[in-house]
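For reference, the structure is listed below as structure tokens.
What you see below is based on every heavy atom in this structure, not just the backbone, and it leaves out hydrogens, waters and symmetry mates.
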Amino acid sequence: MTEGTTAPAEVVEAEVEAGDTLTRLEQEGEIAADYLEGLLDIADLDGDIDMDVEADRAAVSIISDSNSRDLQKLVGRDGEVLEALQELTRLAVHRETGDRSRLMLDIAGYRAKKREELSELGAKAAAEVKSSGEPVNLKPMTPFERKVVHDAVKAAGLRSESEGEEPQRFVVVLPA
């Protein structure tokens, strides 16, 4: 645009909407942080809360400088406690805002490590499908896990689908 001209209304509206979305996601993160801070106090656990916005969702992490073994209690076996805490945190946000939250919670880097492992699994499955030409079925996964695998398969140039019913829903990697 040249000096003295104005942006089309659609552009201005999109910028305002993006700003509103960021503000809403930051608010979700603040509510979640307050909720989780209270939880840590009740459980008498040490941890710092880190907030961010990633891929159009609030992302909140509980990290610890000291022994993260205490935080492992909040992760649980195979992330089961983490999943439950994420849902409780989403409910706390919903109660405050009235809106459904897609907030993502990570504790002691569990989800970040899991994302790395799942990306590798998706890439290996895609390579296997490329070499064999046959679909590959993976083991049942949580929605978070399936999303990471779908993204890795897409990055490898193939497509994938989820099949089955929860909690036995799984990813099928398909030939091109």
Side-chain angles (χ1 to χ4, degrees), residues 1 6-43 45-66 68 70-76 78-123 126 141-157 159-162 166 169 171:
M1 279 187 280
T6 58
E10 297 86 26
V11 172
V12 172
E13 191 174 306
E15 288 173 357
V16 168
E17 191 174 298
D20 289 347
T21 299
L22 182 60
T23 301
R24 182 181 52 77
L25 293 174
E26 288 171 344
Q27 178 189 18
E28 280 186 22
E30 291 289 336
I31 294 166
D34 290 344
Y35 176 79
L36 292 165
E37 197 70 53
L39 178 81
L40 290 173
D41 287 345
I42 291 168
L45 295 172
D46 289 326
D48 296 320
I49 310 289
D50 184 35
M51 295 176 295
D52 201 0
V53 174
E54 299 172 359
D56 291 334
R57 61 170 55 182
V60 179
S61 299
I62 301 175
I63 53 178
S64 177
D65 293 335
S66 62
S68 64
D70 283 346
L71 291 182
Q72 290 304 317
K73 296 173 187 172
L74 298 178
V75 173
D78 296 329
E80 289 172 339
V81 176
L82 171 59
E83 290 290 333
L85 287 174
Q86 178 173 278
E87 286 308 310
L88 289 171
T89 305
R90 286 176 174 177
L91 287 171
V93 170
H94 180 265
R95 186 185 66 224
E96 292 290 322
T97 65
D99 294 327
R100 183 178 174 277
S101 173
R102 294 178 52 236
L103 175 129
M104 188 62 77
L105 176 63
D106 191 6
I107 299 174
Y110 175 83
R111 245 188 239 282
K113 182 180 171 204
K114 192 76 171 172
R115 180 178 280 124
E116 217 174 276
E117 292 169 0
L118 291 165
S119 292
E120 201 172 294
L121 174 68
M141 299 177 187
T142 67
F144 160 75
E145 293 169 335
R146 290 193 309 270
K147 168 77 169 101
V148 173
V149 171
H150 285 305
D151 290 347
V153 169
K154 184 177 180 181
R159 64 186 188 91
S160 56
E161 298 174 350
S162 291
E166 294 293 352
R169 201 153 166 81
V171 173

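The distance from atom CZ of Arg159 to atom NE2 of His150, rounded to the nearest 0.5 Å, is 11.5 Å. A distance of 10.5 Å separates CZ of Arg111 from CG of Leu118, quoted to the nearest 0.5 Å. Rounding to the nearest 0.5 angstrom, the gap separating the OG atom in Ser64 from the CG atom in Asp48 is 7.0 Å. Note that OG1 of Thr23 is 12.0 Å distant from CD of Glu28, once rounded to the nearest 0.5 Å.
Using a 4.5 Å heavy-atom cutoff, the side chains of Arg100 and Arg102 are in contact. With contacts defined as side-chain heavy-atom distances shorter than 4.5 Å, the pair Ile49/Ile62 qualifies. Under the 4.5 Å side-chain criterion, counting only non-hydrogen atoms from C-beta, Leu82 is not in contact with Leu74. Contact check for Val75 versus Val81: no side-chain heavy atoms found under the 4.5 Å cut-off.
Within 6.0 Å of CD in Glu116 there are 12 or fewer heavy atoms belonging to other residues, nucleotides or ligands. Counting non-hydrogen atoms of neighbouring residues, nucleotides and ligands closer than 6.0 angstrom, the CG atom of Asp46 reaches no more than 12 such neighbours.
Of the charged side-chain nitrogens involved, at least one lies within less than 4.0 Å of a carboxylate oxygen, so that Arg90 and Glu87 count as a salt-bridged pair.
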Subject >> Test log, rule salt bridge (charged side-chain N to carboxylate O under 4.0 Å, His left out), inputs Lys147 and Glu145 >> reply: CA-CA 5 Å; Lys147 168 77 169 101; Glu145 293 169 335; over 6 Å; no
Subject >> Verdict with reasoning, His94 to Ser101, per side chain to side chain donor-acceptor pair (under 3.5 Å) >> reply: CA-CA 6 Å; His94 180 265; Ser101 173; over 6 Å; no
**OP:** Report the C-alpha separation of Asp20 and Arg24 in whole Å, then their side-chain angles, then the decisive distance to 0.1 Å, and conclude whether the salt bridge (charged side-chain N to carboxylate O under 4.0 Å, His left out) test is met.
**Re:** CA-CA 6 Å; Asp20 289 347; Arg24 182 181 52 77; over 6 Å; no
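Side-chain atoms of Gln86 do not come within 3.5 Å of backbone N or O of Met104 as any donor-acceptor pair. With hydrogens and angles disregarded, a donor-acceptor distance shorter than 3.5 Å links the side chain of Asp106 to the backbone of Ala112. In this structure, the side chain of Arg146 engages the main chain of Met141 through a donor-acceptor pair within 3.5 Å.
Paired with Gln27 under the rule side-chain contact (heavy atoms from CB on, under 4.5 Å), one option of Thr97, Leu22, Val93 passes, and it is Thr97.
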